[in-house]
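Both ligands and their constituent atoms are indexed starting at 1 by order of listing. Residues: numbered from 1 along the sequence shown.
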Amino acid sequence: MLKVKGLQAGYGAVNILWDISFEVGDGEIVAILGSNGAGKTTMVRTITGILKAAQGSVEFNGEELARKNARFVLDHGIVQVPEGRQLFTEMTVLENLEMGAFNKETKAHFKENLEKAYGWFPRLKERAKQAAGTLSGGEQQMVAVARALIGMPKLLILDEPSLGLAPNIVDDILDVAKTMAKQDGLSVLLVEQDITKALACADRGYVIENGRIALEGTSAELQANEHVKKAYLGI
Ligand code: ATP
């Protein structure tokens, strides 16, 4: 479903991504792994149309999305939970969730998807009228994930969901993504620095180093890889 080929992108004259190629199938959870500054967020921004690719293609369900704008990409079902969540902190939880319904179709299904979201994250129902900025970090991440799911994604991109959160909250969030992948065929691109958590959840993964894909494999293969063990897992 998502086929990224030879993607090259950067900021002005500075190139950050070099020849990035990977795929995500229907209902598959694929991890993009790498340390600080490896280029993960730049890759997410390029796929979602925030940043224009200098070269390469981003094919999604047969449609070319590279160099299209962010709204076009969103309308085709690629929805991201951005790094740092980016909630409207002065607005209530419910108002933030309403922002997830961005077009006719998602607005028409808002009520049922809101109930689903409250089912995954019951705490959000209790806090519906509270300003999002007053929630804990974990609760804010739940709002960001619920908002994205209300956008009825075909591909959900989670950019560093573990950042600054307690491990059990990260597990809860990844469990929701996993359930949706297995039950509803949602595809998930999980961009993470926490390689242990990401590989425990993902089916396959790619390791980015200095803007290039350095390694790829199933989660089991990457967990057993000597370079991954040494450089990322400290074992
Ligand atoms: P992190 O986990 O720290 O977010 P990352 O793998 O997501 O890391 P990126 O944010 O994609 O990495 O950054 C990759 C490189 O691009 C870094 O060297 C960074 O300094 C540079 N970079 C990021 N944003 C910009 C920008 N707006 N202008 C210029 N350079 C940038």
Side-chain angles (χ1 to χ4, degrees), residues 2 4-24 29-58 65-71 73-74 78-87 137-138 140-141 144-145 147-148 153 155-167 169-171 173-174 177 187-202 204-217 219 222 225 227-234:
L2 178 74
V4 174
K5 264 193 216 148
L7 199 65
Q8 204 162 306
Y11 303 95
V14 182
N15 203 63
I16 303 290
L17 301 179
W18 304 88
D19 197 22
I20 296 278
S21 300
F22 67 92
E23 291 187 17
V24 186
I29 302 183
V30 171
I32 299 287
L33 311 162
S35 43
N36 262 330
K40 303 181 301 299
T41 297
T42 303
M43 193 204 74
V44 171
R45 286 178 167 168
T46 311
I47 292 172
T48 54
I50 295 166
L51 204 61
K52 295 279 168 276
Q55 276 185 50
S57 84
V58 177
L65 299 184
R67 290 166 288 278
K68 295 283 191 335
N69 65 34
R71 179 58 200 234
V73 175
L74 192 59
I78 299 184
V79 183
Q80 70 157 323
V81 179
E83 186 177 2
R85 309 185 269 274
Q86 298 181 15
L87 298 183
Q140 290 192 26
Q141 186 65 281
V145 173
R147 180 178 63 183
L155 173 72
L156 177 70
I157 303 183
L158 297 171
D159 194 357
E160 306 252 4
S162 77
L163 212 66
L165 300 185
I169 292 181
V170 180
D171 290 340
I173 287 168
L174 294 183
S187 302
V188 179
L189 190 63
L190 173 59
V191 178
E192 258 298 345
Q193 251 185 76
D194 186 335
I195 294 198
T196 309
K197 279 243 177 288
L199 289 180
C201 172
R204 294 188 299 114
Y206 298 81
V207 178
I208 299 192
E209 290 178 352
N210 300 317
R212 297 174 195 272
I213 303 280
L215 276 174
E216 65 175 275
S219 292
L222 291 175
N225 181 279
H227 175 66
V228 171
K229 281 199 213 167
K230 223 174 171 179
Y232 298 98
L233 302 175

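Looking at Gln193 and Asn36, their side chains do bring a donor and an acceptor atom within 3.5 Å of each other. Between the side chains of Thr196 and Tyr232, not a single donor N or O lies within less than 3.5 Å of an accepting N or O.
The list of salt bridge (charged side-chain N to carboxylate O under 4.0 Å, His left out) pairs with a residue in residues 35-48, not counting sequence neighbours, reads Lys40-Glu160.
Taking both residues in full, the closest heavy atoms of Leu158 and Leu174 are given as CD1-CD2, 4.3 Å, listed atom of the first, atom of the second, then distance.
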List of N/O pairs, ligand 1 versus protein, all under 3.5 Å?
| residue | atom | partner | partner atom | Å |
| --- | --- | --- | --- | --- |
| ligand 1 | 2 (O) | Lys40 | NZ | 3.2 |
| ligand 1 | 2 (O) | Glu160 | OE2 | 2.9 |
| ligand 1 | 2 (O) | Gln193 | NE2 | 3.2 |
| ligand 1 | 3 (O) | Asn36 | OD1 | 2.6 |
| ligand 1 | 4 (O) | Glu83 | OE1 | 3.3 |
| ligand 1 | 4 (O) | Glu83 | OE2 | 3.4 |
| ligand 1 | 6 (O) | Ala38 | N | 3.1 |
| ligand 1 | 6 (O) | Gly39 | N | 2.9 |
| ligand 1 | 6 (O) | Lys40 | N | 2.8 |
| ligand 1 | 6 (O) | Lys40 | NZ | 2.9 |
| ligand 1 | 7 (O) | Thr41 | N | 2.8 |
| ligand 1 | 7 (O) | Thr41 | OG1 | 2.8 |
| ligand 1 | 8 (O) | Gly37 | N | 2.8 |
| ligand 1 | 11 (O) | Thr41 | N | 3.4 |
| ligand 1 | 11 (O) | Thr42 | N | 2.8 |
| ligand 1 | 11 (O) | Thr42 | OG1 | 2.5 |
| ligand 1 | 12 (O) | Gly39 | N | 3.3 |
| ligand 1 | 24 (N) | Tyr11 | OH | 3.4 |

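Between the side chain of Arg85 and the backbone N or O of Gln140 there is no donor-acceptor pair closer than 3.5 Å.
With respect to the salt-bridge test (charged N to carboxylate O, under 4.0 angstrom), the residues Asp171 and Lys197 qualify.
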